[in-house]
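Have a look at the structure below before the remarks.
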There are 2 protein chains.
Amino acid sequence: MTSKQEFIEKLRNSSLRPTKQRINICEVLFNRDKTFHFTISDLFNLIKDKTGEKISLATVYNTVHAFHKKGYLKEIPINSNQTYFDTNVTDHHHFFDVKEEKLIDLKNEDVGPIEIQKSIPGKKIKSVEVLVKLED
Amino acid sequence: MTSKQEFIEKLRNSSLRPTKQRINICEVLFNRDKTFHFTISDLFNLIKDKTGEKISLATVYNTVHAFHKKGYLKEIPINSNQTYFDTNVTDHHHFFDVKEEKLIDLKNEDVGPIEIQKSIPGKKIKSVEVLVKLED
DNA sequence: AATCTTCTTTAGAATAATTATAAACAAGTA
DNA sequence: TACTTGTTTATAATTATTCTAAAGAAGATT
Ligand SMILES: [Mn+2]
Ligand SMILES: [Mn+2]
Ligand SMILES: [Zn+2]
Ligand SMILES: [Zn+2]
């Protein structure tokens with residue numbers, strides 16, 4: 001449980017002004033026990049439901065991008081009509097339930113270490129992510 | 001090197017009528033030594049360049065989807081504004097050069113076996129794919 | 001070959017996620 | 001307070017993809 005004051009400080013420390021909208025988004029996104037996987041439209045609807053306050057869709061996009069840029073959100077690579085984000089910004093992997101369109105975290109120990117044996121001259125590895133698609 | 005006749009037979013065997021457009025797409029996609037990674041717009045432009053014949057964009061979409069459904073193309077999960085496809089339909093992994101927006105095949109032996117230790121009741125694994133993002 | 005049926009192509013419209021614009025507004029600062 | 005800068009917002013623009021429906025081509029039937 002993070003207090004509103006703490007979010008305000010965290011925003012300030014990231015040189016993001018603590019607006020009402022950003023604080024609401026923080027509470028929806030980060031006041032939870034478990035990792036949260038979401039699309040912009042998921043988040044947009046949750047804000048309406050949980051805070052009762054109206055927010056512009058553009059602000060949701062702006063804020064998610066700002067948080068992503070600051071490293072507070074991770075973008076999950078899947079082919080979907082919508083982009084998925086993740087509040088768990090550590091290196092980790094995913095199940096994707098194709099039918100439910102839901103992401104589920106996989107801990108690194110559930111996958112084991114992955115050693116990439118090939119290298120490309122002039123390039124270095126930025127991330128290694130496993131996506132496990134699930135069907136019924 | 002596959003002949004036009006062979007493509008015609010393969011299309012017929014897949015209950016796809018061998019139209020001029022589909023044969024052209026086959027030649028652009030499958031007459032190559034190496035795996036080909038592409039977007040719809042890549043393919044659309046290549047068809048114009050390589051065959052000199054005009055084709056409708058909708059037909060490129062239709063055909064790629066038909067080939068994908070038949071299992072002749074694979075869709076690669078990355079977050080991009082465009083969907084990537086792959087002529088290598090075997091199980092394999094990828095580098096994604098973020099700057100160049102290019103995919104590079106990773107052989108299974110370059111990654112090693114991946115054992116998923118977690119399971120979700122009622123669901124089975126459909127695919128396991130590793131995406132390695134590259135930066136400079 | 002002529003006819004008939006079914007599938008395919010096509011241009012263009014529709015859809016939907018995302019991004020851009022620019023004016024109103026709020027936060028920080030002096 | 002006045003001033004500056006960052007943010008929100010409604011709305012328009014953009015863009016990849018899908019849909020539509022009419023025209024055309026392929027395959028089957030006579
Ligand atoms: Mn982003
Ligand atoms: Mn497809
Ligand atoms: Zn996650
Ligand atoms: Zn590939």
Side-chain angles (χ1 to χ4, degrees), chain A residues 4-5 7-28 37-48 51-70 72-73 75-85 101, chain B residues 4-5 7-28 37-48 51-70 72-73 75-85 101:
Chain A
K4 187 171 288 198
Q5 261 317 309
F7 286 132
I8 290 177
E9 282 161 33
K10 282 182 179 169
L11 285 166
R12 279 222 187 82
N13 292 337
S14 314
S15 19
L16 295 171
R17 290 189 181 168
T19 62
K20 184 181 55 172
Q21 293 83 347
R22 282 174 176 165
I23 296 163
N24 283 340
I25 290 177
C26 281
E27 297 201 308
V28 171
H37 299 104
F38 64 96
T39 64
I40 296 286
S41 104
D42 290 339
L43 179 55
F44 180 67
N45 291 320
L46 266 178
I47 293 163
K48 272 194 305 209
T51 75
E53 300 194 42
K54 178 175 101 193
I55 189 171
S56 157
L57 181 59
T59 300
V60 180
Y61 274 99
N62 289 341
T63 304
V64 165
H65 278 129
F67 288 3
H68 180 233
K69 196 170 286 180
K70 294 288 178 184
Y72 304 142
L73 290 174
E75 200 180 329
I76 309 299
I78 42 173
N79 283 123
S80 165
N81 46 331
Q82 293 183 105
T83 303
Y84 279 78
F85 294 91
E101 296 188 311
Chain B
K4 186 171 292 198
Q5 261 317 309
F7 286 131
I8 291 176
E9 281 160 35
K10 282 182 182 171
L11 286 166
R12 281 224 185 81
N13 292 337
S14 316
S15 20
L16 295 171
R17 288 187 183 172
T19 62
K20 184 181 56 171
Q21 291 86 345
R22 282 173 176 166
I23 295 162
N24 283 340
I25 290 178
C26 281
E27 297 200 308
V28 171
H37 300 105
F38 64 97
T39 64
I40 295 286
S41 104
D42 290 339
L43 179 54
F44 181 67
N45 292 319
L46 267 178
I47 293 162
K48 272 194 304 214
T51 73
E53 300 193 43
K54 178 176 101 195
I55 188 171
S56 157
L57 182 59
T59 300
V60 180
Y61 274 98
N62 288 341
T63 304
V64 166
H65 278 131
F67 288 4
H68 181 232
K69 195 169 288 181
K70 294 287 178 185
Y72 304 144
L73 291 174
E75 201 179 331
I76 308 299
I78 42 174
N79 283 122
S80 165
N81 48 332
Q82 294 183 103
T83 303
Y84 279 78
F85 294 91
E101 296 189 309

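Throughout, protein chains are lettered first and strands after them, A, B, ... in sequence-line order, and every chain is numbered starting at 1. What's counted below: heavy atoms across the whole structure, side chains too, no hydrogens, waters or symmetry copies.
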task: Please name all residues satisfying ring pair (Phe, Tyr, Trp, His ring centres under 6.0 Å) with Tyr72(B), sequence neighbours left out, ordered by chain then number.
output: none
What is the distance, rounded to the nearest whole Å, between atom [atom1] of [X] and atom [atom2] of [N]?
X         : N       : atom1 : atom2 : result
Lys20(B)  : dC7(C)  : NZ    : C1'   : 16 Å
Ile55(B)  : dT9(C)  : CD1   : C1'   : 9 Å
Lys69(B)  : dC7(C)  : NZ    : P     : 13 Å
His68(B)  : dT18(D) : NE2   : C1'   : 16 Å
Ile23(A)  : dA26(C) : CD1   : P     : 14 Å
Asn79(B)  : dA16(D) : CG    : C1'   : 14 Å
Asn24(B)  : dT8(C)  : CG    : C1'   : 14 Å
Glu101(B) : dA16(D) : CD    : P     : 11 Å

message: Leu57(A): which residues meet the side-chain contact (heavy atoms from CB on, under 4.5 Å) condition with it, sequence neighbours left out?
response: Ile40(A), Phe44(A), Tyr61(A)
- line: Residues at least two apart in sequence or cross-chain that pass salt bridge (Lys or Arg N to Asp or Glu O under 4.0 Å) with Lys20(A), listed by chain then number, are Glu53(A)
task: Taking only the side-chain nitrogens and oxygens of Lys54(A), find out if one of them lies under 4.0 Å from OP1 or OP2 of dA10(D).
output: yes
message: Using OP1 and OP2 only, check whether a side-chain N or O of Arg12(A) sits under 4.0 Å from dG28(C).
response: yes
Taking the side chain as everything from C-beta on, heavy atoms only, tell me whether [X] gets closer than 4.5 Å to [Y].
X        : Y        : result
Ile55(B) : Asn24(B) : no
Gln21(B) : Thr63(B) : no
Glu75(A) : His68(A) : yes
Arg12(B) : Ile8(B)  : yes
Phe67(B) : Leu11(B) : yes

task: Measure the NZ-CG distance between Lys70(A) and Asn13(A) for me, rounded to the nearest 0.5 Å.
output: 10.5 Å
- prompt: Can you find a side-chain donor-acceptor pair between Thr39(A) and Asp42(A) that sits under 3.5 Å?
  reply: yes
statement: Quick note, Thr63(A) side chain, CB onward, closest among dT8(D), dA26(D), dT10(C) is dT8(D)
What are the atom names and distances for every N/O pair under 3.5 Å that joins the protein to nucleotides 5-7 of chain D?
unit_1 : atom_1 : unit_2   : atom_2 : d
dT5(D) : O2     : Arg17(A) : NH1    : 3.0
dT5(D) : O2     : Arg17(A) : NH2    : 3.2
dG6(D) : O4'    : Arg17(A) : NH1    : 3.1
dG6(D) : O4'    : Arg17(A) : NH2    : 3.2
dT7(D) : OP1    : Arg17(A) : N      : 3.2
dT7(D) : OP1    : Arg22(A) : NH1    : 2.4
dT7(D) : OP1    : Arg22(A) : NH2    : 3.2

field: Step-by-step side chain to side chain contact (heavy atoms under 4.5 Å, CB included) determination, Phe85(A) to Leu43(A)
entry: CA-CA 10 Å; Phe85(A) 294 91; Leu43(A) 179 55; over 6 Å; no
Nucleotide N/O to protein N/O under 3.5 Å, stretch nucleotides 18-22 of chain C:
unit_1  : atom_1 : unit_2   : atom_2 : d
dT18(C) : OP1    : Thr83(A) : N      : 2.9
dT18(C) : OP1    : Thr83(A) : OG1    : 2.7
dT18(C) : OP2    : Tyr61(A) : OH     : 2.7
dT18(C) : O5'    : Tyr61(A) : OH     : 3.4
dT19(C) : OP2    : His65(A) : NE2    : 3.4

Protein and nucleotides 28-30 of chain D: nitrogen or oxygen contacts under 3.5 angstrom:
none

